[in-house]
**Student:** 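Dropping a structure here in structure tokens format, bear with me for questions.
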Amino acid sequence: MPAITLPDGSLRQFPGAVTGTDVAASIGPGLAKAALAMEVNGRLKDLSEPIAEDSSVRFITRRDPEALELIRHDTAHVLAEAVQELFPGTQVTIGPSIENGFYYDFYRNEPFATADFAAIEAKMREIVARGAAFKRSVVSRADAVALFEKKGERFKVELIRDLPESETISLYSQGDWIDLCRGPHMRSTADIGNAFKLTKVAGAYWRGKPENPMLSRIYGTAWRDQKELDAHLTMIEEAEKRDHRRIGKEMNLFHLQEEATGSVFWHPKGWKLYRVLEDYMRRRLDAGEYQEVKTPQLVDRRLWEQSGHWEKFRHAMFLANVEDKDEADRVYALKPMNCPCHVQIFNQGLRSYRELPLRMAEFGACHRFEPSGALHGIMRVRAFTQDDAHIFCEEHQIAAETVRFVALLTAIYSDLGFSDFRVKFSDRPEVRAGDDATWDRAEGALKEACSIAGVDFELNPGEGAFYGPKLEFVLRDAIGRDWQCGTLQVDFVMPERLDALYVAEDGTRKRPVMLHRAILGSFERFLGILIEQHAGRFPLWLAPVQVVVATIVDDAIPHAKAVAEALRRAGLRVELDLRNEKINRKVVDHIEMRIPVLAIIGRREAELGQVVLRRLPGREQEVLSLSDAVERLANEAVPPDMLPLSSDAVAA
RNA sequence: GCUGUUGUAGCUCAGCGGUAGAGCACUCCCUUGGUAAGGGAGAGGUCCAGGGUUCGAUUCCCUGCAACAGCACCA
């Protein structure tokens with residue numbers, strides 16, 4: 001006698017176990033037609049699943065967010081069926097729904113090519129049109145293994161064997177095709193619709209392990225209807241226009257070339273942008289009571305052995321030596337990070353607890369031999385500059401320093417246009433330094449600090465640094481990829497290894513705790529994200545060229561030069577466009593170059609000593625006297641941390 | 001690093017077993033034009049590198065390098 005509670009609070013009684021289909025039908029033909037699946041006591045289920053006990057039930061229709069996930073998962077099944085029909089001998093593995101779509105991993109001697117997509121998609125549409133019902137069945141482990149062994153699906157067999165004993169093993173069939181799957185699914189393949197598209201093919205290791213065979217992964221995107229699919233495809237196209245690699249070229253910011261794989265050649269405008277950001281960061285750190293230092297690029301391997309980096313990361317370090325006979329055995333490493341060097345500075349002289357917390361900052365140029373496949377534009381490179389700092393403090397200061405750090409990071413991200421970011425808490429990895437008790441303390445301290453700072457994080461198990469747990473501050477690029485930018489790491493290990501000590505209040509020698517922290521992460525990565533975030537159209541204070549002064553006729557050249565000079569004297573970054581081109585053309589060119597302000601000088605302005613200001617890419621403009629124009633732009637170009645009434649400035 | 005794709009003018013790309021083409025950019029000339037591309041002429045390429053097949057290779061094959069997509073990695 002199950003009683004079914006519906007989302008509106010209404011109650012329905014049934015004489016015996018009922019399926020979702022029955023319940024929907026009892027409510028009305030509209031719902032019976034629209035319901036794709038249901039949520040029973042908070043868990044998504046097939047409509048055909050019987051409900052025997054009192055439950056609260058919510059039906060999932062195409063309008064619900066859950067529908068997208070169902071559509072995508074079902075589409076993955078259809079993809080697998082299509083592939084096996086078209087390419088006999090292909091083995092199936094797994095095919096989950098993901099953000100915006102789905103993928104399916106296949107094992108086949110020959111990988112798929114995008115050229116195969118048309119045929120596969122056609123077959124998929126055929127399967128959708130057939131509209132075979134998804135049928136669930138529960139089988140014993142032995143039967144499941146036997147079934148997939150018979151079909152030669154060795155990956156499925158492995159999956160089944162590795163399922164925990166408690167797990168019910170369910171199979172889903174659509175027509176003749178059958179797959180191991182937890183479900184749920186919609187009613188039939190017809191519910192998928194036609195708004196899907198295969199997007200790319202790539203390799204992926206079976207179960208993510210490089211020692212396993214490489215599978216061929218087909219990615220696709222799937223939506224409720226064609227309109228959503230089109231919107232998504234348009235969005236992707238738009239996002240590609242914001243790609244920092246493309247904008248870097250278009251705005252002439254930087255380039256990369258073979259002879260310096262993974263290192264950036266900064267062009268004048270890109271370097272200007274870099275320096276504006278660096279200057280801003282330096283002011284922020286000064287205000288935050290950090291002490292800036294500079295440490296060596298080349299450091300003897302002994303120091304890296306002592307810190308533990310040699311053992312764990314030597315394969316990713318650039319090594320250097322010299323031909324000199326006496327020095328031939330000596331190996332230097334280009335520093336892959338700054339912490340051991342900062343400890344060397346800390347270790348000079350005798351430190352007192354009175355000096356703590358001691359915040360040591362460096363814009364540290366680091367080199368890491370990143371795997372070739374990891375390189376990505378300027379976001380993942382082999383030569384980069386961290387906005388690094390190490391806070392040497394006592395254990396009881398961790399929480400206060402974390403609060404302080406999070407406040408600084410939040411203010412900076414907000415100034416740079418990122419009001420939204422995610423935080424991940426990465427705890428102890430399998431391979432690590434330090435004993436479990438130390439890790440317990442470090443993780444506990446960081447978690448407590450988070451709760452005091454009001455930081456909501458998602459847990460990222462096993463992803464901490466080898467010396468301590470870390471917070472990762474994650475930003476998303478134009479294409480939807482996540483990048484770790486800021487980080488805060490609690491480290492009890494490095495001070496021990498590098499023998500850092502201070503004299504405590506009671507006169508004894510103690511080990512400081514080290515907090516490793518970065519806000520941008522690296523200038524290179526952050527600038528890449530920044531470019532994408534603003535699509536190259538930076539706020540005035542950041543723009544590498546803030547104003548272009550453009551003439552309409554040659555008679556206006558002297559006044560244009562005077563205007564440019566006046567703006568420059570007011571600290572603005574100005575370029576002159578005196579070309580023999582029509583003003584229409586100049587407007588277009590500077591819109592393309594993403595110049596924020598165009599100052600237009602014609603004969604009239606030259607005669608009256610005025611300036612026409614036009615904010616690109618807009619069409620509105622205003623006529624101002626030269627002094628008004630200078631004053632206005634100079635005020636607008638003040639960096640946010642230097643605004644007289646900024647609340648941050650007061651707080652700092 | 002692994003799987004796949006790609007590499008032709010400064011940029012975006014077309015092309016092809018018989019030593020190269022477009023648009024934009026560049027240079028020069030005409031034009032001085034008032035707010036989203038004025039007109040004309042010219043110059044510019046060891047077709048990523050090295051090997052192989054071939055009478056002949058930018059084109060086909062192999063190797064390397066780099067980039068791109070994904071996976072793995074990320075102190």
Side-chain angles (χ1 to χ4, degrees), chain A residues 103 105 110-115 199-219 243 245-246 249-250 252 255-262 304 307-317 335-340 366 368-377 380 382 384 386 388 426 429 432-433 463-468 470 472 479 481 483-484 487 489 491 493-494 516 518 521-522 525 550-557 579-592 598 600-605 612 614 616-621:
Chain A
Y103 67 78
D105 284 347
E110 207 179 316
F112 297 100
T114 41
T199 51
K200 51 197 170 195
V201 55
Y205 300 115
W206 167 236
R207 298 192 143 179
K209 297 249 164 62
E211 61 271 21
N212 285 346
M214 175 77 56
L215 306 171
S216 186
R217 174 174 296 180
I218 296 179
Y219 283 90
D243 191 306
R245 294 165 293 191
R246 177 171 172 162
K249 224 176 254 167
E250 288 171 0
N252 196 10
H255 84 271
L256 301 158
Q257 70 183 51
E258 269 189 51
E259 288 76 2
T261 306
W304 308 110
S307 70
H309 290 97
W310 184 262
E311 192 192 341
K312 190 158 192 320
F313 289 114
R314 124 186 77 176
H315 62 278
M317 286 163 69
K335 70 172 169 187
M337 27 98 74
N338 310 294
C339 15
C366 297
R368 295 179 185 172
F369 184 66
E370 302 285 12
S372 56
L375 301 176
H376 180 88
R380 183 90 181 263
R382 288 179 176 160
F384 53 94
Q386 296 178 321
D388 201 5
S426 299
R432 58 181 181 258
E463 297 293 319
F466 75 89
Y467 49 69
K470 66 175 180 180
E472 299 176 35
I479 316 167
R481 284 183 271 230
W483 296 90
Q484 177 196 309
T487 182
Q489 307 168 7
D491 179 5
V493 173
M494 207 58 57
H516 306 240
S522 83
R525 172 173 299 180
T551 50
I552 298 173
V553 291
D554 284 356
D555 290 350
I557 288 178
R579 288 177 304 163
N580 176 11
E581 289 290 351
K582 292 197 168 181
I583 190 63
N584 304 31
R585 179 47 180 275
K586 295 187 181 184
V587 169
V588 172
D589 285 350
H590 298 119
I591 288 172
E592 270 179 8
L598 189 61
I600 299 166
I601 311 295
R603 191 169 284 121
R604 196 156 61 230
E605 288 71 31
V612 173
R614 179 164 164 173
L616 302 182
R619 286 170 191 272
E620 318 78 62
Q621 54 188 32

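So that the names make sense, note that chain A is the first sequence line, chain B the second, and so on, each numbered from 1. No experiment lies behind these values; they were computed from the predicted model shown.
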**Student:** Taking atom CE of A:Met494 and atom CZ of A:Phe466, what is their separation to the nearest 0.5 Å?
**Tutor:** 4.5 Å
**Student:** Nearest whole Å is fine: how far is B:U32 P from A:Arg579 CZ?
**Tutor:**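 So the CZ-P distance, A:Arg579 to B:U32, works out to 18 Å.
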**Student:** For A:Lys470, which contact category applies under a 4.0 Å heavy-atom criterion: base, sugar-phosphate, or nothing?
**Tutor:**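 Result for A:Lys470 = sugar-phosphate.
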**Student:** When we call it a touch if two heavy atoms are under 4.0 Å apart, what does A:Arg481 touch: a base, just sugar-phosphate, or nothing?
**Tutor:** sugar-phosphate
**Student:** Is B:G23 paired to anything, Watson-Crick or G-U wobble with both distances less than 3.5 Å, and if yes, which nucleotide?
**Tutor:**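 Checking every strand shown, B:G23 finds its partner in B:C11, with both distances under 3.5 Å.
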**Student:** Write down the distance between NZ (A:Lys312) and P (B:A75), rounded to a whole number of angstrom.
**Tutor:**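 Taking atom P of B:A75 as the reference, NZ of A:Lys312 is at 7 Å.
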**Student:** To the nearest angstrom, how far is A:Glu463 atom CD from B:C74 atom C1'?
**Tutor:**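 Interatomic distance, CD of A:Glu463 to C1' of B:C74: 10 Å.
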**Student:** P atom, B:A14 versus B:C60: distance in rounded Å?
**Tutor:** 14 Å
**Student:** Is the side chain of A:Arg614 donor-acceptor paired with the backbone N or O of A:Gly618 at a distance under 3.5 Å, no angle test?
**Tutor:** yes
**Student:** So what's B:C73 paired with, Watson-Crick or G-U wobble, going by both distances under 3.5 Å?
**Tutor:** none
**Student:** For the C1' atoms, the ones on B:G15 and on B:A57, what distance do you get once it is rounded to whole angstrom?
**Tutor:** 15 Å
**Student:** Side chain of A:Glu258: nearest nucleotide among B:C65, B:C68, B:G34?
**Tutor:** B:C65
**Student:** Does any N or O donor sit under 3.5 Å from an N or O acceptor when you compare the side chain of A:Arg619 with the base of B:A36?
**Tutor:** yes
**Student:** Counting only distance, no hydrogens or angles, is the base of B:U35 paired donor-acceptor with the side chain of A:Asn584 under 3.5 Å?
**Tutor:** no
**Student:** Looking at A:Lys249, does any N or O in its side chain come under 4.0 Å of the phosphate oxygens OP1/OP2 on B:U12?
**Tutor:** yes
**Student:** Can you check the A:Glu211 CD to B:C71 P distance for me, whole Å?
**Tutor:**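 The answer, rounded to whole Å, is 17 Å.
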**Student:** Taking only side-chain N and O atoms of A:Ser216, does any of them lie within less than 4.0 angstrom of OP1 or OP2 on B:U3?
**Tutor:** no
**Student:** Whole Å only: how far is the CD atom of A:Gln257 from the P atom of B:C48?
**Tutor:** 16 Å
**Student:** Could you give the distance separating B:G7 and B:A43 at their C1' atoms, to the nearest angstrom?
**Tutor:**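 Each nucleotide's C1' atom is 25 Å from the other's.
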**Student:** May I ask you to say what A:Gly602 touches in the nucleic acid, namely base, sugar-phosphate or nothing, with a heavy-atom cut-off under 4.0 Å?
**Tutor:**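 A:Gly602: base contact, heavy atoms under 4.0 Å.
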**Student:** Looking only at atom P, what distance separates B:C47 and B:G10, rounded to whole Å?
**Tutor:**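 Taking atom P in both B:C47 and B:G10, they lie 12 Å apart.
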**Student:** Quick one: NE2 on A:His376 to CH2 on A:Trp483, what's the gap to the nearest 0.5 Å?
**Tutor:**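 A:His376 NE2 to A:Trp483 CH2: 4.5 Å, rounded to 0.5 Å.
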**Student:** I'd like the P distance from B:C74 over to B:U5, given in whole Å.
**Tutor:** 28 Å
**Student:** In whole Å, what separates the C1' atom of B:U12 from that of B:U63?
**Tutor:**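 Their C1' atoms lie roughly 30 Å apart.
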**Student:** Categorize A:Glu592 for me: base, sugar-phosphate, or nothing, with a 4.0 angstrom heavy-atom threshold over every strand shown.
**Tutor:**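 Here A:Glu592 touches the bases of the nucleic acid.
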**Student:** Are side-chain heavy atoms of A:Met337 and A:Trp304 found at a separation under 4.5 Å?
**Tutor:**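 The answer is yes, as the side chains (C-beta and beyond) meet within the 4.5 Å cut-off.
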**Student:** Phosphate oxygens OP1/OP2 of B:G38: is one of them under 4.0 Å from a side-chain N or O of A:Arg585?
**Tutor:** yes
**Student:** How many Å lie between CD on A:Gln489 and P on B:C74, as a whole number?
**Tutor:**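 These atoms are roughly 13 Å apart.
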**Student:** What integer distance in Å separates A:Leu375:CG from B:C2:C1'?
**Tutor:**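 After rounding, the gap between these two atoms is 15 Å.
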**Student:** Of the options B:A37, B:A75, B:G38, whose atoms approach the side-chain atoms of A:Glu581 most closely?
**Tutor:**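 It is B:G38.
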**Student:** Is A:Lys200 near enough to B:G70 that one of its side-chain N or O atoms lies under 4.0 angstrom from OP1 or OP2?
**Tutor:** yes
**Student:** Kindly compute the distance separating CZ (A:Arg579) from CG (A:Asp589), expressed to the nearest 0.5 Å.
**Tutor:** 4.5 Å
**Student:** Counting Watson-Crick and G-U wobble pairs only, both distances under 3.5 Å, name the nucleotide matched with B:G44, or none.
**Tutor:** none
**Student:** Should the side chain of A:Tyr205 and the base of B:G70 be counted as holding a donor-acceptor pair, with the cut-off at 3.5 Å?
**Tutor:** no
**Student:** Look at all strands and tell whether A:Pro336 reaches a base, only sugar-phosphate, or nothing, counting heavy atoms closer than 4.0 Å.
**Tutor:** base
**Student:** What contact category does A:Gln621 fall into here, base, sugar-phosphate, or nothing, at under 4.0 angstrom with non-hydrogen atoms?
**Tutor:** base
**Student:** Which value, in whole Å, describes the distance between the P atoms of nucleotides B:C62 and B:U3?
**Tutor:**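 These two P atoms come out 14 Å apart once rounded.
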**Student:** Provide the distance between the two C1' atoms, one in B:G44 and one in B:G51, to the nearest whole Å.
**Tutor:** 30 Å
**Student:** Just how far is it from atom CD of A:Glu258 to atom OG1 of A:Thr261, taken to the nearest 0.5 Å?
**Tutor:** 7.0 Å
**Student:** Can you tell me which nucleotide in B:U32, B:A37, B:A66 comes closest to the side chain of A:Thr261?
**Tutor:**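 Looking only at heavy atoms from C-beta outward on A:Thr261, the closest nucleotide is B:A66.
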**Student:** For the NE2 atom of A:His590 and the CG atom of A:Leu616, what is their distance to the nearest 0.5 Å?
**Tutor:** 8.5 Å
**Student:** With a non-hydrogen cut-off below 4.0 angstrom, is A:Glu605 in contact with a base, only sugar-phosphate, or nothing?
**Tutor:** base
**Student:** Using a heavy-atom cut-off of 4.0 Å across all strands, would you classify A:Gly377 as base, sugar-phosphate, or nothing?
**Tutor:**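 If one applies the 4.0 Å heavy-atom cut-off, A:Gly377 turns out to touch the sugar-phosphate alone, with no base involved.
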**Student:** Under the side chain to side chain donor-acceptor pair (under 3.5 Å) test against A:Ser426, which residue among A:Glu463, A:Glu472, A:Lys470, A:Gln484 passes?
**Tutor:** A:Glu472
**Student:** Could you tell me whether A:Ala316 contacts a base, only the sugar-phosphate backbone, or nothing, with contacts defined as non-hydrogen atoms closer than 4.0 Å?
**Tutor:** base
**Student:** Is any side-chain N or O of A:Arg217 closer than 4.0 Å to OP1 or OP2 of B:A69?
**Tutor:** no
**Student:** When rounded to the nearest 0.5 angstrom, what distance separates OH in A:Tyr467 from NE2 in A:His516?
**Tutor:**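 Going from OH on A:Tyr467 over to NE2 on A:His516, the span is 4.5 Å.
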**Student:** Tell which nucleotide pairs with B:A67, taking only Watson-Crick or G-U wobble pairs whose two distances are both under 3.5 angstrom.
**Tutor:**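 Pairing partner: B:U5.
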**Student:** Which sits closer to the 5' end of RNA chain B, A:Ser372 or A:Leu598, going by the nucleotide each is nearest to?
**Tutor:**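 Going by which nucleotide is closer to the 5' end, it is A:Ser372.
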**Student:** Is any side-chain nitrogen or oxygen of A:Arg380 closer than 4.0 Å to OP1 or OP2 of B:C74?
**Tutor:**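 Indeed not, no polar side-chain atom of A:Arg380 lies that close.
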**Student:** Check the distance between B:C74's P and A:Phe466's CZ and give it to me in whole angstrom.
**Tutor:**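 Rounded to the whole Å, the gap is 12 Å.
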**Student:** With sugar-phosphate meaning primed atoms plus P, OP1 and OP2, does A:Pro111 contact a base, only sugar-phosphate, or nothing at under 4.0 Å between heavy atoms?
**Tutor:** sugar-phosphate
**Student:** Identify, between A:Met214 and A:Met337, the residue whose nearest nucleotide on RNA chain B lies closer to the 5' end.
**Tutor:**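 Closer to the 5' end of RNA chain B: A:Met214.
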**Student:** Quick check, does A:Phe313 stack with B:A75? I mean ring centres under 5.5 Å and planes off by under 30°.
**Tutor:**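 A stacking contact exists, since A:Phe313 sits close and nearly parallel to the base ring of B:A75.
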**Student:** Indicate whether OP1 or OP2 belonging to B:C68 is found under 4.0 Å from a side-chain N or O atom of A:Arg245.
**Tutor:**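 Checking B:C68 against A:Arg245, a side-chain N or O does come within under 4.0 Å of OP1 or OP2.
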**Student:** Would you tell me if any nitrogen or oxygen in the side chain of A:Arg314 comes within less than 4.0 Å of OP1 or OP2 on B:A75?
**Tutor:**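 For B:A75, neither OP1 nor OP2 has a side-chain N or O of A:Arg314 closer than 4.0 Å.
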**Student:** Nearest to the side chain of A:Ala374, which nucleotide is it out of B:A72, B:G34, B:A36?
**Tutor:** B:A72
**Student:** B:A69 phosphate, OP1 or OP2: any side-chain N/O from A:His376 under 4.0 angstrom?
**Tutor:** yes
**Student:** Quick one: label A:Tyr467 by what it contacts on the DNA or RNA (base, sugar-phosphate, nothing), any heavy atom closer than 4.0 Å.
**Tutor:** sugar-phosphate
**Student:** Please tell me if the side chains of A:Ile552 and A:Lys586 come closer than 4.5 Å, counting only heavy atoms from C-beta onward.
**Tutor:**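 Heavy-atom side-chain distance check fails, nothing below 4.5 Å.
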**Student:** Tell me what A:Tyr219 touches on the nucleic acid: a base, only sugar-phosphate, or nothing, going by heavy atoms under 4.0 Å.
**Tutor:** sugar-phosphate
